[in-house]
*Asks:* 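For reference, the structure I am asking about is given below.
Because only heavy atoms are used, hydrogens play no part in the values below, and waters and symmetry mates are left out as well, while side chains stay in. Chain naming here is simple, since letters A, B, ... match the order of the sequence lines and numbering starts at 1 in each.
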Number of protein chains: 2
Amino acid sequence: MSLRPDTGAPSGAEADGERPVRPVPEATVSRLAVYLRVLGELREQGVETVSSEELAGASGVNSAKLRKDLSYLGSYGVRGVGYDVTSLQGRLQGELGMDHRQSVGLVGVGNLGQALAGYAGFAGRGFPVSALFDVEPDLVGIEINGIRVRHVREIPEVCAAHGVTIGMIATPGPAAQNVCDLLVEGGVQSILNFAPVLLQVPDDVEVRKVDLSVELQVLAFHVARRHIAGDVAIPADTPDGAAGATGETNGSVVSPR
Amino acid sequence: MSLRPDTGAPSGAEADGERPVRPVPEATVSRLAVYLRVLGELREQGVETVSSEELAGASGVNSAKLRKDLSYLGSYGVRGVGYDVTSLQGRLQGELGMDHRQSVGLVGVGNLGQALAGYAGFAGRGFPVSALFDVEPDLVGIEINGIRVRHVREIPEVCAAHGVTIGMIATPGPAAQNVCDLLVEGGVQSILNFAPVLLQVPDDVEVRKVDLSVELQVLAFHVARRHIAGDVAIPADTPDGAAGATGETNGSVVSPR
DNA sequence: TCGTGTGAACACGTTCACAGCC
DNA sequence: GGCTGTGAACGTGTTCACACGA
């Protein structure tokens, strides 16, 4: 990997001092992850150079935002040309911590947990699940993807030993806080929480929450909004020959542009 | 601009045609869903009245934000007292579209899909999964939770017939766009997408994306940042040591936030 | 010429602090 | 006194538009 390919960095190389933390906005970080995936796809297709317009389009953002996002990492593009796919990919990987070894510990191998444990996208993207935990006697001891499920009480020890950097909590709500405490005890400072509860953690621990029923409710809100706003105002475009709908259901089918 | 949210009539405020401005900010909507869950828990505990301070604390936000959020719905609190749990719950349910019948169609009953299909939280929160789809011959025809898995090609017909309001896509990436088109054809205007691809949809269709590897990468970013900031703080002193009774709040690493 | 990089304008979201009502 | 509801201040994030370099 090539870090700091050249020059003394125009706007602030961090030597090693009291240089304040990098000013990468939180909102930008999430998008960098998206760009990184798209870059991977582009490279597989053999694309060597990409413009901000193209990369932005493929990532679902506008090009100004993309350029601004990348500008926080320094100048890695070439004016009049675009970005070199490979080197930009490397730069993003570095920024997103992919040059460290990441290792995921997953707690709760029930319904959702087993799906997460088997999700190929994690290992494929550099986040191998390396430890599994549960309390259920039927589950403790079994192997999933070659990894043995251990008892929750072993979390601190195993996480420390395996160097787990990220904990994922996929337990029922009531168990989540206890599990969280054990992860923190094991030195885990980043947690992805699927349980529908608010976790209490020390200040130096980062928690992100994925709340599926919140997502659904936001969508339901928009459903309701449309019913009020749209009502009779069904979009103009020809309904076209959609499958026979039941009468009442307003099949406001709109043909894609 | 103008257009006051206006504390108009509780039901059916303005019903006139064009409504260019969104009265309730997007960021607020997500939080309303959280408040709603917490209110449900409070009611189960027999709590009848709650202050903004308490409700905010239980929801993980500060009280000013909560009051501002609720103010978009009108005045439902009592000064000097707080909010009536039951009536606020009812108000939020209405605002979030829970007085309409919601019905979820889930496409892709593989690893993740089966977990989602079996997730009790959905039905329990008013989002029953009422249709399942896949292409895999081994899966089409089986029953999950009493619902038969149908072939993807039946999506338009079945969604229209069942009045599916929300589609969930849990297929592999390459299949997602096609599935999405079928959902739209069936009249579905709200989609929750778990596939790591950018969906192309008409303007009147709302898509929310849950991207687990993005979540992990954001966490990884913070891991890396801590390593830079905290420097020597992470490396566990000889793991050899006893299962150290770590204080819960180890104040060792201080991130300069 | 073309596309990046970036200050400046703008829009959105959060926090403050206090008026108003119980 | 206590707590809600809300304008105004503030901060964060997004978009614009153009100078600059290949």
*Asks:* So, does Arg67(B) get its side chain near the phosphate of dC18(C), meaning an N or O under 4.0 Å from OP1 or OP2?
*Replies:*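 No, no such contact exists.
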*Asks:* Closest-nucleotide mapping onto DNA chain D: is Ala64(A) or Ala27(A) further toward the 5' terminus? I mean the 5' end.
*Replies:*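 Looking at DNA chain D, the more 5' nearest nucleotide goes with Ala27(A).
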*Asks:* Let me know, please, whether Gly82(A) or Lys68(A) comes out on the 5' side of the other along DNA chain C by nearest nucleotide.
*Replies:*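 On the 5' side of the pair lies Gly82(A).
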*Asks:* Within the pair Tyr83(A) and dG5(C), is there a side-chain N or O less than 4.0 Å away from OP1 or OP2?
*Replies:*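 For dG5(C), OP1 or OP2 has a side-chain N or O of Tyr83(A) closer than 4.0 Å.
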*Asks:* In whole Å, I'd like the distance from the CG atom of Leu88(A) to the P atom of dG3(C).
*Replies:*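 These atoms are roughly 17 Å apart.
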*Asks:* Examine dT14(D): is either OP1 or OP2 under 4.0 Å from a nitrogen or oxygen in the side chain of Asn62(A)? Give yes or no.
*Replies:*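 For dT14(D), OP1/OP2 do not have a side-chain N/O of Asn62(A) under 4.0 Å.
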*Asks:* Any non-hydrogen side-chain atom of Leu116(A) less than 4.5 Å from a side-chain atom of Phe194(A)?
*Replies:*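 In short, these two side chains touch, coming nearer than 4.5 Å.
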*Asks:* Any side-chain heavy atom of Arg37(B) sitting closer than 4.5 Å to one from Arg125(B)?
*Replies:*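 Result yes, sub-4.5 Å side-chain heavy-atom pair found.
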*Asks:* Hey, which of these two, Val78(A) or Arg31(A), hits DNA chain D nearer its 5' end, going by closest nucleotide?
*Replies:*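 Taking each residue's closest nucleotide, the earlier one in sequence belongs to Arg31(A).
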*Asks:* On the nucleotide dT6(C), are OP1 or OP2 found under 4.0 Å from the side-chain N or O atoms that Arg79(A) carries?
*Replies:*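 False: Arg79(A) side-chain N/O out of range (4.0 Å or more) of dT6(C) OP1/OP2.
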*Asks:* Can you spot which of Arg101(B), His100(B), Gln102(B) makes a side chain to side chain donor-acceptor pair (under 3.5 Å) with Thr165(B)?
*Replies:*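 Answer after filtering Arg101(B), His100(B), Gln102(B): Gln102(B).
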*Asks:* Just how far, in rounded Å, is C1' of dT14(C) from CG of Asp69(B)?
*Replies:*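 For the pair Asp69(B) CG and dT14(C) C1', the rounded distance is 10 Å.
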*Asks:* Does Leu39(A) reach the side chain of Thr86(A), with side-chain heavy atoms less than 4.5 Å apart?
*Replies:*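 Counting from C-beta outward, Leu39(A) and Thr86(A) never come under 4.5 Å.
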*Asks:* Testing the 3.5 Å rule here: is there a donor-acceptor pair between the side chains of Arg43(B) and Gln89(B)?
*Replies:*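 Distance-only check passes for Arg43(B) and Gln89(B).
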*Asks:* Rounded to the Å, how far apart are Leu66(A) CG and dC16(D) P?
*Replies:*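 Rounded to whole Å, this separation is 15 Å.
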*Asks:* Counting only non-hydrogen atoms, which of residues 41-60 of chain B are less than 4.0 Å from DNA chain D?
*Replies:*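 Ser51(B), Ser52(B) - these, ordered by number, are the residues of the stretch whose heavy atoms sit under 4.0 Å from the strand.
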*Asks:* Using whole Å, report how far CG of Asp84(B) lies from C1' of dT4(D).
*Replies:*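 Those two atoms, CG and C1', are 15 Å apart.
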*Asks:* Between atom CD in Glu26(B) and atom C1' in dT14(C), what is the gap in whole Å?
*Replies:*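 Computing the Glu26(B):CD to dT14(C):C1' distance gives 16 Å.
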*Asks:* Could you tell me if Gln93(A) and Asp99(A) have a donor-acceptor pair between their side chains, going purely by distance under 3.5 Å?
*Replies:*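 No.
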*Asks:* Taking the side chain as every heavy atom from C-beta outward, state whether Leu70(B) and Tyr76(B) have any atom pair closer than 4.5 Å.
*Replies:*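 No. Closest side-chain heavy atoms not under 4.5 Å.
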*Asks:* Taking NZ from Lys65(B) and P from dC16(C), how many angstroms apart are they, rounded to a whole number?
*Replies:*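 For the pair Lys65(B) NZ and dC16(C) P, the rounded distance is 11 Å.
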